[in-house]
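To start, the structure under review is shown below, and the notes come after it.
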Amino acid sequence: MLPDWNEIIRTRYQKAERMRAENIEPFVHRWNPTHSTQAVKANADALIASKEKVRVAGRIIALRMMGKAAFFHIKDETGPLQCYVKIDAVPEHAFRILKTYTDVGDIVGVQGEVFVTRTGELTVLADNYEILAKSMRPLPEKWHGLRDQETRYRQRYVDLIVNDHVRATFVKRSKIVASMRQYLTELGYLEVETPMMHPICGGANARPFKTHHNALGIDLYLRIAPELYLKRLMVGGFEKIFEINRNFRNEGISTRHNPEFTMLELYTAYWDYRDTMDLTEKTIREVAQRVFGTTKFVFEDQEFDLGPEFPRVTYLDAIRKFVPGAEHLDLRWDDPPEVTKKKIAPFFTPEFDGPTYQIIIDMFETLVEPQLTGPIFITEFAKAVSPLAKSKPADPLVAERFELYIGGMEIANGYSELNDPQEQYLRFKEQVEARERGDEEAQQMDEDYIRALEYGMPPASGLGIGIDRLVMVLTNSPSIRDVILFPLLKPEQPRGDEDEHGEEQAPAKES
RNA sequence: GGGCGUGUAGCUCAGCGGUAGAGCAGCGGACUUUUAAUCCGUUGGUCGAAGGUUCGAUUCCUUCCACGCUCACCA
């Protein structure tokens, strides 16, 4: 029993006890419905004509008790349906269960014929009725529902009971993931699973979560990306693989960031980043078409269309294109920082000193990214921030890399994979040096990965799609927490009673 | 981590220096085609937590906790 019992909850527990005293089980073991509520509606005419008995089950979401009869709505996974119970049409004990023991929220089973009421609503006229599972807690208020965001996220089960659009969003999410899986499988990609616990964390620049294995006596990291393992599989001879799974990053939480998030990561042998852009575009368009039957969407009042070819604009061109007045801005990755600062002075002043690529990235993220309603591919990123990507032969400071933007958010990221073990070794060393200078997000040296590359990895290109963000833009959800069933929250405070008096209750942590 | 905001009954919300209110839900009663069912009666609150100011604090102040928005870091 929980300590926060109130009178309503106590009353309901007492009802269950009284039911048991009458040999009525408040939590039955089994019940078989013949129809979902949707199936009743779909076959209404035939069911009314045949007077066939149906058995439906669901949660009572509204109850109108009228002395010797009652109307109520049940809701199952497929939707609501009205039921009607009157005293002379059901066994005596069934009516007693309804009148004495039933509350809104109970999960019940109803058997009977289908008819249409005087006001025209399809209804099951019960000839039998029982409670299948007693509900002990009252549901939120029936007009306004559950609004409090915190409660919605913490008690998602309640949110799902009362907010139909929430359920619909998660059904869409499931279909998006399923159709993506199916489409890629149709194209010949093999789904694989690689470790979540990494002795060395790599594949992205991010701070990891640390954990510990007792028997081995070693620390491990929750993966920040599966990239290095998937590319080991390319060395092993797989040519088209993908993984849809969780990544964990020990960083801030926001409307666009959850510490664990779902990524599609995919690799194709013999391709470069341009081929992967083609695939990214086709996959997202195809998923939208299969799940929603359209390519036109609205995200936060911005319309976008996945139908037409996605434009491809280089990083520096995007700055020229989207920053007003910057049409002729001649930025160069090999300019010294002071020169770059002088060139961009009319448009942007970086907050911190740093190398040229950081100044340009800062400007891009501040002035360009929010405007990228998209869909649009931004290409040719700084090599310095792409330690696992091949650089462009003609432009050694630039990586063959793209990011896809929709709704002002980075949705996907891909590149031509660096497969030269010697260069990869040097790039790792640069990362290690950055790490030693205090960059906690820089990568570690992964010698086994270098060893794998030394056996030879075919030319290949990889892709990562942020599934949560893709679902956000396709379902017009403004917060990532609206597309993650159980987003990470701080734990609830231990309740009342136990820690009333005394010095400090919960030690005030935080420095 | 910074800024802004919110926290009052199970739920949705008023109140704001003088000891707490509504609707829904609950409980008792009436009611055999209702659908925000209706009608009569009624219970329910350490007003997020701890300190302070005050004769008196839900209200003002401080600190803390949780959440939301936002900025910074990141996908």
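Labels below follow one simple rule: chain letters A, B, ... track the order of the sequence lines, proteins then strands, and each chain is numbered from 1.
Taking atom C1' on both nucleotides, B/G41 is separated from B/G5 by 41 Å, rounded to a whole Å. A distance of about 25 Å separates the C1' atoms of B/G48 and B/U43, rounded to the whole Å. Comparing the C1' positions of B/G7 and B/U58 gives a spacing of 12 Å, expressed to the nearest Å. Comparing the P positions of B/A30 and B/C67 gives an interatomic distance of 48 Å, to the nearest angstrom. Comparing the same atom, P, in B/C27 and in B/G10 gives a spacing of 15 Å after rounding to whole Å. Using atom C1' as the reference point in both B/G28 and B/G44, the two lie 15 Å apart (nearest Å). For the P atoms, the distance linking B/C47 with B/G21 amounts to 14 Å, nearest Å. Rounded to whole Å, the separation between the P atoms of B/C24 and B/C39 comes to 9 Å.
For A/Glu7, whose side chain is taken as the heavy atoms from C-beta onward, the closest listed nucleotide among B/U32, B/U43, B/C27 is B/U43. Among B/U32, B/C67, B/U33, the nucleotide with an atom closest to any side-chain atom of A/Lys86 is B/U32. In this structure, of B/U32, B/G10, B/A37, it is B/U32 that holds the atom nearest to the side chain of A/Ala69. Listed nucleotides B/C27, B/A25, B/U34 differ in distance to A/Thr11; the shortest reach to its side chain belongs to B/C27.
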A/Lys390 and A/Tyr415: side chain to side chain contact (heavy atoms under 4.5 Å, CB included), yes or no, with the steps?
CA-CA 7 Å; A/Lys390 269 200 182 107; A/Tyr415 37 84; over 6 Å; no
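Within a 6.0 Å sphere centred on CZ of A/Arg435, heavy atoms belonging to other residues, nucleotides or ligands number more than 12. By the 6.0 Å contact criterion, CZ on A/Arg207 is open, its count of non-hydrogen atoms from other residues, nucleotides or ligands being 12 or less. Shown here is A/Lys53, whose NZ atom has no more than 12 heavy atoms of other residues, nucleotides or ligands within 6.0 Å.
Here B/U33 presents its P atom at 11 Å from CG of A/Asp88, a figure rounded to the nearest Å. Rounded to a whole Å, the NZ atom of A/Lys68 is 5 Å from the P atom of B/C31. Rounding to whole angstrom units, CG of residue A/Leu81 and C1' of B/U34 are separated by 14 Å. Taking atom CG of residue A/Leu63 and atom C1' of nucleotide B/C24, one finds them 14 Å apart after rounding to whole Å. Distance CD (A/Glu150) to P (B/U6): 16 Å, rounded to an integer number of Å. Rounded to an integer number of Å, the gap from A/Gln149 CD to B/G48 P is 20 Å. Atom pair A/Ile8:CD1 and B/G10:C1' shows a separation of 4 Å (rounding to whole Å applied). Spacing between atom CD1 of A/Ile87 and atom C1' of B/C31 amounts to 12 Å, rounded to whole angstrom units.
Between A/Tyr189 and A/Phe242, the ring planes are perpendicular. Angles over 60° get that label, and only those under 30° would be called parallel. Aromatic ring orientation, A/Phe377 versus A/Phe310: tilted (interplanar angle from 30° to 60°).
Note on A/Met65: a base of the nucleic acid sits closer than 4.0 angstrom, heavy atoms only. Residue-level contact check: A/Tyr153 touches the backbone only, with heavy atoms under 4.0 Å from sugar-phosphate atoms and none from bases. Within 4.0 Å (heavy atoms only), A/Asn250 reaches no atom of the nucleic acid at all. Within 4.0 Å (heavy atoms only), A/Phe115 reaches at least one base atom of the nucleic acid.
Base-pair partner of B/C13: B/G21 (Watson-Crick or G-U wobble, both distances under 3.5 Å). With both pairing distances under 3.5 Å, B/U62 is matched to B/A50 as a Watson-Crick or G-U wobble pair. Nucleotide B/G44 has no partner under the Watson-Crick or G-U criteria, as no pair reaches both atom distances under 3.5 Å. Pair assignment for B/A37 gives none, since no Watson-Crick or G-U wobble pairing has each distance under 3.5 Å. In a base pair of the Watson-Crick type (N1 to N3 plus N6-O4 or O6-N4) or a G-U wobble (N1-O2 and O6-N3), with each distance short of 3.5 Å, B/C69 is matched with B/G3.
In this model, the phosphate group of B/G29 is not approached by any side-chain N or O of A/Lys99 to a distance below 4.0 Å at OP1 or OP2. A close approach under 4.0 Å does occur between a side-chain nitrogen or oxygen of A/Arg64 and OP1 or OP2 of B/A37.
Counting atom types as modelled, A/Arg118 pairs no side-chain N or O with a base atom of B/U33 as donor and acceptor under 3.5 Å. A donor and an acceptor atom never sit less than 3.5 Å apart when one is taken from the side chain of A/Glu121 and the other from the base of B/U33.
Listed by first and then second residue, the ring pair (Phe, Tyr, Trp, His ring centres under 6.0 Å) pairs involving residues 76-117 of chain A are A/Phe71-A/Tyr84 (not counting sequence neighbours).
Taking CG from A/Asn247 and CD from A/Glu243, the interatomic distance works out to 8.5 Å, rounded to the nearest 0.5 Å. Atom NE2 of A/His198 sits about 9.5 Å away from atom CG of A/Leu220, to the nearest 0.5 Å. A distance of 5.0 Å separates CZ of A/Phe304 from CG of A/Leu306, quoted to the nearest 0.5 Å.
Place A/Leu488 and A/Met263 on RNA chain B by their nearest nucleotides, and A/Leu488 ends up nearer the 5' end. The nearest heavy atom of RNA chain B to A/Arg256 and to A/Ser479 marks one nucleotide each, and the one closer to the 5' end goes with A/Ser479.
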Are any protein N/O atoms closer than 3.5 Å to N/O atoms in nucleotides 11-13 of chain B? If there are, list each pair with its distance.
residue	atom	partner	partner atom	Å
B/C11	O2'	A/Glu141	N	2.9
B/C11	O2'	A/Gly145	O	3.0
B/U12	OP1	A/Arg147	N	3.0
B/U12	OP1	A/Asp148	N	3.1

Filtered N/O pairs between nucleotides 70-73 of chain B and protein, under 3.5 Å:
residue	atom	partner	partner atom	Å
B/C73	O2'	A/Glu441	OE2	3.1

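For the residue pair A/Val287 and A/Ser179, the shortest heavy atom distance occurs at CG1-OG, 3.5 Å.
A cation-pi geometry, defined here as NZ or CZ lying under 6.0 Å from the six-membered ring centre and within 45° of its normal, does not hold between A/Arg156 and A/Phe486.
Between the side chains of A/Thr314 and A/Thr379, no donor-acceptor pair of N or O atoms lies under 3.5 Å.
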